[in-house]
2 protein chains.
Amino acid sequence: MNISEAARRVGLPAKTIRYYEEIGLVTPPRDKNGYRAFRSRDLHALTFVARARSLGFTIGECRALLQLYQDPTRASADVKEIARRHLGRIDAKLGELAAMRATLTELVAACAGDQRPDCPILKGLAPTA
Amino acid sequence: MNISEAARRVGLPAKTIRYYEEIGLVTPPRDKNGYRAFRSRDLHALTFVARARSLGFTIGECRALLQLYQDPTRASADVKEIARRHLGRIDAKLGELAAMRATLTELVAACAGDQRPDCPILKGLAPTA
DNA sequence: TATGGGGCTTCCCGTGACAGGAAGGTCAAG
DNA sequence: CTTGACCTTCCTGTCACGGGAAGCCCCATA
């Protein structure tokens with residue numbers, strides 16, 4: 001199977017699949033003409049990575065998860081540890097964004113949004129001293 | 001005032017301040033020895049940008065906000081529009097992260113996290129078919 | 001058989017917002 | 001006079017790709 005068909009099936013751009021091959025996440029063999037020939041295991045790996053990425057795992061984490069996925073002697077504790085760390089990052093990010101949102105919402109609510117120059121948003125950003 | 005003192009006062013790394021000068025957010029004059037000489041207006045602008053950045057505005061938005069800040073004939077509507085757009089981005093991001101968090105939390109809860117290979121997290125990432 | 005239009009390949013540059021580090025000039029203190 | 005802390009520019013790397021150029025390859029149609 002050629003790359004565009006593989007891309008269609010796993011829902012990733014062909015560019016991304018080439019990149020994943022370059023960094024060693026998948027290693028599809030080549031046809032005589034040099035075209036990549038994707039096997040079902042390649043599609044499996046790509047789908048796995050696509051899902052992990054959509055949950056926000058980094059490429060490094062995807063690589064580790066993929067190796068665990070392909071290792072029948074894995075310990076689920078190792079998988080869980082990676083996921084827990086990522087969950088921590090997500091919570092941290094959620095906290096940051098919530099704080100930004102709170103401040104911004106206040107400022108936006110306080111701003112008249114008309115033709116006058118007076119603006120609580122700019123005042124909120126300006127140095128206090 | 002030299003860069004390290006300016007950095008200390010506005011709470012930004014010197015590297016970042018040089019970068020902000022490079023992209024034209026601040027234009028401190030130079031001493032005879034070539035050192036940047038920060039005036040209070042430069043410190044004001046840097047502090048303003050630092051705060052806007054901490055609220056998640058992009059550099060482009062900071063540039064626009066800074067121009068409005070420095071323009072006494074501005075309309076607060078223009079400021080508010082930038083802030084509203086950004087608020088929309090934050091809400092979108094919060095939504096994405098909340099969805100990731102929900103899925104991940106389920107998977108992590110379902111995983112025993114022991115020495116056995118059976119792992120609901122990996123199952124959740126694996127292709128269904 | 002020529003040709004035209006896809007699809008495939010590699011290679012290189014650009015993204016955002018900086019961080020790290022090398023090479024070298026400058027300044028104040030001892 | 002030297003040392004060490006500044007400062008400067010310049011180059012490279014980050015993360016996860018996207019865009020686009022130059023050049024094969026394959027198939028269908030005239």
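So that the names make sense, note that chain A is the first sequence line, chain B the second, and so on, each numbered from 1. Remember, it's a predicted structure, so these values are computed and weren't measured experimentally.
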> Rounded to whole Å, please give me the gap between CE in Met1(A) and C1' in dC8(C).
16 Å
> Which whole-number value in Å describes the distance from Arg8(B) CZ to dC6(D) P?
12 Å
> I need the minimum non-hydrogen distance between Glu61(A) and Thr58(A), along with the two atoms involved.
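Shortest heavy-atom contact: OE1-N, 2.8 Å.
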> Quick one: salt bridge (Lys or Arg N to Asp or Glu O under 4.0 Å) partners of Arg8(B), sequence neighbours excluded?
Glu5(B)
> Between Phe38(A) and Ile3(A), which heavy-atom pair has the shortest distance, and what is it?
CE1-CA, 3.6 Å
> For Phe38(B) and for Pro13(A), find the nucleotide of DNA chain D with the closest heavy atom, then tell me which residue's nucleotide is more 5'.
Phe38(B)
> For the helix from dT1(C)-dA30(D) to dG30(C)-dC1(D), what is the angle between the axes at its two ends, each from 5 pairs, rounded to 10°?
30°
> Tell me whether Arg116(B) contacts the main-chain N or O of Ser76(A) through its side chain, where contact means a donor paired with an acceptor under 3.5 Å.
no
> Would you say Phe48(A) and Leu122(B) make side-chain contact, with heavy atoms under 4.5 Å?
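The answer is yes, as the side chains (C-beta and beyond) meet within the 4.5 Å cut-off.
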> Is the phosphate of dT8(D) approached by Arg18(B) (side-chain N or O, under 4.0 Å from OP1 or OP2)?
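Yes, because at least one side-chain N or O of Arg18(B) sits under 4.0 Å from OP1 or OP2 of dT8(D).
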> List every contact pair, protein side and nucleotides 19-21 of chain D side both N or O, where the distance is under 3.5 Å.
residue: dG19(D); atom: N7; partner: Lys15(A); partner atom: NZ; Å: 3.1
residue: dG19(D); atom: O6; partner: Lys15(A); partner atom: NZ; Å: 2.6
residue: dG20(D); atom: O6; partner: Lys15(A); partner atom: NZ; Å: 2.5

> List, with names and distances, any nitrogen or oxygen atoms from the protein found under 3.5 Å away from nitrogen or oxygen atoms belonging to nucleotides 23-29 of chain C.
residue: dG25(C); atom: N2; partner: Tyr35(B); partner atom: OH; Å: 3.1
residue: dT26(C); atom: O4'; partner: Tyr35(B); partner atom: OH; Å: 3.3
residue: dC27(C); atom: OP1; partner: Asn33(B); partner atom: ND2; Å: 3.3

> Using whole Å, report how far CG of Asn2(B) lies from C1' of dT8(D).
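Rounded to whole Å, this separation is 11 Å.
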> To the nearest 0.5 Å, how far apart are CD1 in Ile59(B) and CG in Leu25(B)?
5.5 Å
> Please give me every residue in residues 53-69 of chain A whose heavy atoms get under 4.0 Å of an atom in DNA chain D, ordered by residue number.
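Listed by number, they are Arg53(A), Thr58(A), Ile59(A).
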> Using the side chain to side chain contact (heavy atoms under 4.5 Å, CB included) criterion, which residues pair with Ser54(B)? Sequence neighbours excluded.
none
> Give the intermediate values and the outcome of side-chain contact (heavy atoms from CB on, under 4.5 Å) for residues Leu125(A) and Leu55(B).
CA-CA 9 Å; Leu125(A) 294 173; Leu55(B) 285 181; 3.9 Å; yes
> Using the test ring pair (Phe, Tyr, Trp, His ring centres under 6.0 Å), find all partners of Phe57(B) that sit at least two apart in sequence or belong to another chain.
His86(B)
> Kindly give the heavy-atom pair with the smallest separation between Val10(B) and Leu43(B), and that separation in Å.
CG1-O, 3.8 Å
> Check salt bridge (Lys or Arg N to Asp or Glu O under 4.0 Å) between Arg36(B) and all other residues, then give those that pass, not counting sequence neighbours.
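Salt bridge (Lys or Arg N to Asp or Glu O under 4.0 Å) check on Arg36(B) returns Glu21(B).
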> Measure across Pro117(B) and Arg74(A) and return the closest heavy-atom pair with its distance rounded to 0.1 Å.
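Minimum heavy-atom contact is O-NE, 2.8 Å.
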> Which whole-number value in Å describes the distance from Arg30(B) CZ to dT8(D) C1'?
8 Å
> Would you tabulate the side-chain donor-acceptor contacts of residues 62-71 of chain A under 3.5 Å, counting partners in other chains and residues two or more places apart, or write 'none'?
residue: Arg63(A); atom: NH1; partner: Ile23(A); partner atom: O; Å: 2.8
residue: Arg63(A); atom: NH2; partner: Ile23(A); partner atom: O; Å: 3.3
residue: Asp71(A); atom: OD1; partner: Thr73(A); partner atom: N; Å: 2.8
residue: Asp71(A); atom: OD1; partner: Thr73(A); partner atom: OG1; Å: 2.8
residue: Asp71(A); atom: OD2; partner: Thr73(A); partner atom: OG1; Å: 3.4

> Where the side chain of Asn2(A) meets the backbone of Ser4(A), is there a donor-acceptor pair that is under 3.5 Å apart?
no
> Between Thr16(B) and dA19(C), is there a contact of a side-chain N or O with OP1 or OP2 at under 4.0 Å?
yes
> Show every donor-acceptor pair shorter than 3.5 Å between a side-chain atom in residues 96-113 of chain B and any protein atom, with sequence neighbours excluded, or say none if there are none.
residue: Arg101(B); atom: NH1; partner: Asp91(A); partner atom: OD1; Å: 2.5
residue: Arg101(B); atom: NH1; partner: Asp91(A); partner atom: OD2; Å: 2.9
residue: Thr103(B); atom: OG1; partner: Ala99(B); partner atom: O; Å: 3.3
residue: Thr105(B); atom: OG1; partner: Arg101(B); partner atom: O; Å: 2.5

> Contact class for Ile23(B) (heavy atom, under 4.0 Å): base, sugar-phosphate, or nothing?
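Answer is nothing: Ile23(B) stays at 4.0 Å or more from every strand.
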> What is the distance, to the nearest angstrom, from the CD atom on Glu22(A) to the P atom on dC13(C)?
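After rounding, the reported distance stands at 14 Å.
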> Could you give the CZ-to-P distance, from Arg36(B) to dC7(D), as a whole number of Å?
10 Å
> Expressed as a whole number of angstroms, how long is the span from Ile17(A):CD1 to dC8(C):P?
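About 10 Å, once rounded to whole Å.
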> Write out all pairs satisfying salt bridge (Lys or Arg N to Asp or Glu O under 4.0 Å) with one or both partners inside residues 118-127 of chain B, taking only residues at least two apart or from two chains.
Asp118(B)-Lys123(B)
> Distance-only, no hydrogens or angles: does the Asp31(B) side chain make a donor-acceptor pair with backbone N or O of Asn33(B) under 3.5 Å?
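No: the side chain of Asp31(B) does not pair with the backbone of Asn33(B).
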> Using heavy atoms and a sub-4.0 Å distance, could you list which residues of residues 93-104 of chain A are near DNA chain D? By number, please.
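Under 4.0 Å from DNA chain D: no residue of residues 93-104 of chain A.
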> Taking CG from Leu25(B) and P from dC18(C), how many angstroms apart are they, rounded to a whole number?
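For the pair Leu25(B) CG and dC18(C) P, the rounded distance is 9 Å.
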